[in-house]
Amino acid sequence: MAMKNRGLAFKLILLILSSVTLIFLLIFSYNYLYSRKIIVKNIENNARNLAGATVNRIDVILSSVEKVPENLACFLENFQCSGEELNRLLRSIVENNEKIYGSTIAFEPWAYDAKGKRYAPYYYKKNGELKYANLAEESYEYSYWDWYQIPKELNRPVWSEPYFDKGGGNIIMSTYSVPFYRMFEGKKRFAGIITADISLSRLQEIVAAIKIEETGYGFLISKKGTFVTHPGKKLIMNETIFSVAEARGDKGLEEIGREMIQGESGFVLSKSIHTGKMCWMVYEPLASSGWSFGALFPQDELMADITRLNRIVLFAGIIGFLFLFTVIVLISRSITGPLRELSSATEDIATGNLDISIPEIKTKDEVGKLAESFDYMKKSLKQYIADLTETTAIKERIESELQIAHDIQMGFLPKIFPPFPEVPEFDLYAILDPAREVGGDLYDFFFLDDDHLCFNVGDVAGKGVPASLFMVITKTLTKTKAAKGMTPDMILNQVNQDISTDNPLLLFVTLFLGILNINDGTLEYSNGGHNPPYIIRATGDIEKVETTSGLALGVIEDFSFQSKRVVLNKGDSIFIYSDGVTEAMNSKLELFSEKRLERELNNLRGRSVKETITGIMEKIREFSQDEPQADDITMMIIKYNGR
């Protein structure tokens with residue numbers, strides 16, 4: 001009854017302020033929870049990226065170390081070496097591999113000589129110098145060490161648990177042991193172990209370099225859970241993650257440790273054993289050694305910004321509440337009636353009913369103008385929704401058509417490699433990465449007859465749909481005009497004539513076309529304004545293909561192209577590319593450049609054709625980082641194997 005006797009202004013103030021307060025609390029709560037969810041998701045993504053990058057970096061080190069004893073094991077299984085030769089080989093391995101701390105060849109008794117003597121020369125680094133030790137001394141007894149016994153029993157290479165190599169390298173290390181075998185009396189028998197040691201200080205430096213806010217850190221544990229690296233120095237080689245969990249009564253940490261040694265990955269909330277803070281922990285396994293990497297992200301430090309923001313929002317809400325209270329008190333009596341009608345109408349509009357009529361208010365004061373504004377807003381909103389619906393439909397149709405155009409365009413390009421597995425005279429691989437949904441680069445290859453392979457790489461001026469259509473026309477004309485007995489200049493002359501005759505948009509295309517005789521390696525080519533390809537000789541030399549001074553196709557109708565010849569010897573390759581390779585740009589506006597391309601080709605020589613192309617593409621991505629791709633990237637490589 002007391003509420004019924006109150007005036008309308010009081011009721012209006014009470015209801016509006018109560019509603020505003022409730023709405024504000026809901027918005028504030030939702031904003032906080034949603035923002036926190038986004039931040040946690042971003043933290044998880046960043047944490048997994050950091051863990052993945054660190055694991056990859058450590059795995060690269062371990063993988064490169066693994067190859068040395070594995071290759072040496074293959075060598076010793078097929079060749080006999082004297083003690084002097086073995087010593088020289090080990091010395092060279094340790095001296096020339098900065099990641100390897102030491103290496104030994106530990107022979108099984110009777111495997112080195114007929115007298116049954118053990119033999120285990122060991123070279124290692126100490127204080128920047130190369131040292132030698134004989135592990136066959138009775139004081140060392142290498143046959144009892146885990147690095148010898150475990151791979152011998154398992155008959156496979158094994159990374160050892162971290163240990164202090166007393167009497168050998170005399171440091172904390174981990175050893176990759178590879179068993180090797182030899183034929184004795186017609187049977188393959190165990191002959192010994194070849195090792196490669198890594199100093200754990202190298203891995204500790206990598207993990208210690210990880211800085212996460214003020215107190216976050218990374219750590220590394222072995223296959224048994226032993227701490228290999230950790231900010232708490234007392235834990236390293238002295239504690240396992242399980243012993244720490246047991247001492248703290250932390251069942252969650254024990255479960256995390258169990259998942260880590262089982263090679264699983266995850267992202268969980270856990271208490272730091274170093275700082276005692278609640279942290280997000282990410283963990284990833286190392287594929288090569290079976291170890292596991294973990295990193296902790298302090299919750300309070302990472303959530304500091306959102307906490308501070310919510311305090312500001314809460315303070316602003318309180319100020320707004322007080323201001324709103326004052327305004328409502330001042331104007332409620334004069335606008336209660338008209339606003340009630342407007343409120344009823346706007347509630348319908350809020351539910352999506354845009355056909356409702358706005359109450360007619362005859363006064364011309366602010367309330368009347370507000371009513372007119374609501375009516376105008378309703379009509380504008382209705383029109384806007386209609387326009388937006390139409391625009392969205394058009395945009396979706398265009399995007400769908402562009403995707404279809406991309407699929408059609410890519411369908412024109414040969415994508416099965418090797419393309420001619422029955423032809424051993426050459427290997428071929430190509431790739432095209434458009435900068436947009438559709439692009440203007442092209443490549444193609446086909447046989448003119450049983451002995452002549454015709455191939456081409458081109459780049460249409462411009463981008464987008466016009467360039468893609470011109471690309472398809474050029475590719476189709478090139479393949480149509482090419483015939484047995486024709487030379488590259490004849491083909492380009494005919495294609496240029498057809499393109500130039502009817503070219504209202506004045507588009508043009510650079511094109512390199514070659515014909516390879518797979519019998520003798522003779523390559524006849526003609527270049528229509530394209531980047532000069534490279535010939536990668538089997539000797540290691542890299543040279544540019546001599547230009548034929550040709551213009552781009554579509555520029556001059558009666559231009560006469562010329563052909564030249566070059567001979568590919570057995571093992572030589574020709575690398576053709578578009579300017580999207582050398583003109584790839586990083587955030588500093590630097591170009592990838594021909595010089596850098598030549599250097600990377602030199603670094604990749606000896607690799608397969610696919611590895612060469614993918615290797616160059618990886619270097620371009622690494623160079624450009626997050627910069628958007630500005631131009632189509634096309635590469636083709638043909639390696640001549642000879643007949």
Side-chain angles (χ1 to χ4, degrees), residues 413-432 442-458 475 478-479 482-492 511-528 530-548 550 561-578 581 594 597-617 634-643:
L413 302 175
K415 294 180 288 295
I416 299 176
F417 298 99
F420 310 107
E422 74 282 359
V423 182
E425 284 83 0
F426 66 90
D427 294 324
L428 187 151
Y429 191 79
I431 189 173
L432 192 157
L442 64 109
Y443 70 81
D444 199 5
F445 48 84
F446 49 88
F447 273 101
L448 298 177
D449 53 37
D450 292 341
D451 299 324
H452 292 84
L453 174 73
C454 180
F455 60 91
N456 60 78
V457 173
K475 179 182 179 300
T478 303
K479 195 164 188 176
K484 180 179 180 181
M486 295 185 68
T487 59
D489 58 311
M490 295 168 62
I491 297 173
L492 291 191
L511 189 68
F512 180 90
L513 187 143
I515 299 176
L516 174 65
N517 187 325
I518 64 174
N519 287 323
D520 58 14
T522 300
L523 172 63
E524 190 170 6
Y525 65 91
S526 184
N527 192 341
H530 199 72
N531 305 74
Y534 288 99
I535 292 181
I536 307 170
R537 296 293 184 184
T539 60
D541 296 332
I542 297 177
E543 57 190 56
K544 278 189 178 181
V545 174
E546 185 179 354
T547 181
T548 60
F561 291 88
Q562 304 296 321
S563 290
K564 290 187 178 181
R565 289 188 178 183
V566 66
V567 177
L568 298 182
N569 300 316
K570 184 177 181 180
D572 292 350
S573 302
I574 181 169
F575 176 81
I576 315 102
Y577 63 98
S578 66
V581 174
E594 293 181 356
L597 174 60
E598 293 170 4
R599 184 170 68 247
E600 298 303 335
L601 286 173
N602 184 63
N603 293 337
L604 292 168
R605 71 176 185 273
R607 303 287 184 90
S608 67
V609 292
K610 182 176 180 179
E611 290 174 336
T612 301
I613 293 290
T614 55
I616 295 296
M617 183 62 77
T634 303
M635 292 180 281
M636 178 189 290
I637 185 169
I638 302 174
K639 181 179 180 182
Y640 180 62
N641 299 322
R643 172 158 289 186

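- Residues passing the side-chain hydrogen bond (donor to acceptor under 3.5 Å, both in side chains) test with S573: none are found, sequence neighbours excluded.
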Practice item. Let me see the working for F417 and V609 under side-chain contact (heavy atoms from CB on, under 4.5 Å), right down to the final yes or no. Key: CA-CA 10 Å; F417 298 99; V609 292; over 6 Å; no

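- Put simply, the side chain of S563 gets close to the backbone of D489: a donor and an acceptor are under 3.5 Å apart.
- Annotation: side chain to side chain contact (heavy atoms under 4.5 Å, CB included) contacts of K479 (sequence neighbours excluded): D444, F446.
- Residues passing the salt bridge (charged side-chain N to carboxylate O under 4.0 Å, His left out) test with D427, sequence neighbours excluded: none.
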Practice item. Determine, step by step, whether I515 and T487 satisfy the side-chain contact (heavy atoms from CB on, under 4.5 Å) criterion, reporting the C-alpha distance in whole Å, the side-chain angles of both residues, the deciding distance to 0.1 Å, and the verdict. Key: CA-CA 8 Å; I515 299 176; T487 59; 5.8 Å; no

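- For the side-chain contact (heavy atoms from CB on, under 4.5 Å) with L442, the lone residue among V457, T478, N456 that qualifies is N456.
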Point to revise | Derivation and outcome, side-chain contact (heavy atoms from CB on, under 4.5 Å), residues I638 and F445 | key: CA-CA 10 Å; I638 302 174; F445 48 84; over 6 Å; no

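- The structure places CG of L432 at 10.0 Å from CE of M636, a figure rounded to the nearest 0.5 Å.
- Residues passing the side-chain hydrogen bond (donor to acceptor under 3.5 Å, both in side chains) test with N531, sequence neighbours excluded: none.
- Under the 3.5 Å distance criterion, the side-chain polar atoms of N641 are matched with a main-chain donor or acceptor of P424.
- S526 and L492 get closest at one heavy-atom pair: OG-CD1, 3.4 Å.
- Put simply, the side chain of Y640 never gets that close to the backbone of L568: no donor and acceptor are under 3.5 Å apart.
- Partners of N602 according to the side-chain hydrogen bond (donor to acceptor under 3.5 Å, both in side chains) rule, which considers only residues two or more places apart in sequence or in another chain, are R605.
- Residues satisfying the side chain to side chain contact (heavy atoms under 4.5 Å, CB included) criterion with D449, sequence neighbours excluded, are D451, H452, K484.
- Partners of K544 by salt bridge (charged side-chain N to carboxylate O under 4.0 Å, His left out), not counting sequence neighbours, listed by chain and number: E594.
- In this structure, OG1 in T548 is found 8.0 Å from CZ in F512, a value given to the nearest 0.5 Å.
- Annotation: the span from L453 atom CG to L448 atom CG amounts to 8.0 Å, rounded to 0.5 Å.
- Checked against side chain to side chain contact (heavy atoms under 4.5 Å, CB included), M486 has the following partners two or more places apart in sequence or in another chain: A483, M490, I491, Q494.
- Note that CG of L516 and CD1 of I574 are 8.5 Å apart. Values are rounded to the nearest 0.5 Å.
- Within the model, atoms CG of L523 and CD1 of I518 stand 13.0 Å from one another, a figure rounded to the nearest 0.5 Å.
- The side-chain hydrogen bond (donor to acceptor under 3.5 Å, both in side chains) check on E543 picks up R537, with sequence neighbours excluded.
- Minimum interatomic distance between A538 and D572 (heavy atoms only, all atoms of both residues): N-OD1, 2.7 Å.
- At least one side-chain heavy atom of R565 sits less than 4.5 Å from a side-chain heavy atom of T522.
- For Y525 (side chain) and K564 (main-chain N/O), no donor-acceptor pair under 3.5 Å exists by modelled atom type.
- Here CG of L511 is found 11.0 Å from CD1 of I576. Values are rounded to the nearest 0.5 Å.
- Put simply, the side chain of Y577 does not reach to within 4.5 Å of the side chain of I616, judged on heavy atoms.
- Applying the salt bridge (charged side-chain N to carboxylate O under 4.0 Å, His left out) criterion to K639, with sequence neighbours excluded, gives no partner residue.
- The residue from V545, I613, I542 that alone fulfils the side-chain contact (heavy atoms from CB on, under 4.5 Å) condition with F575 is I613.
- More than 12 heavy atoms of other residues, nucleotides or ligands sit less than 6.0 Å from atom CZ of R599.
- Counting all heavy atoms, side chain and backbone alike, L601 lies closest to Y534 at CD1-CD1, 4.0 Å.
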Exercise for review: Quick one: do L413 and K475 satisfy side-chain contact (heavy atoms from CB on, under 4.5 Å)? Show the steps, please.
Suggested key: CA-CA 9 Å; L413 302 175; K475 179 182 179 300; 4.3 Å; yes

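- Every residue meeting the salt bridge (charged side-chain N to carboxylate O under 4.0 Å, His left out) condition with E425, not counting sequence neighbours, appears here in chain and number order: R643.
- Judged by distance alone, with hydrogens and angles left aside, the side-chain atoms of N527 form a donor-acceptor pair with the main-chain N or O of H530 at under 3.5 Å.
- Looking at residues two or more places apart in sequence or on another chain, you find a side chain to side chain contact (heavy atoms under 4.5 Å, CB included) between K610 and Y429, S608, T614.
- In this structure, S578 contributes its side chain and T634 its backbone to a donor-acceptor pair below 3.5 Å.
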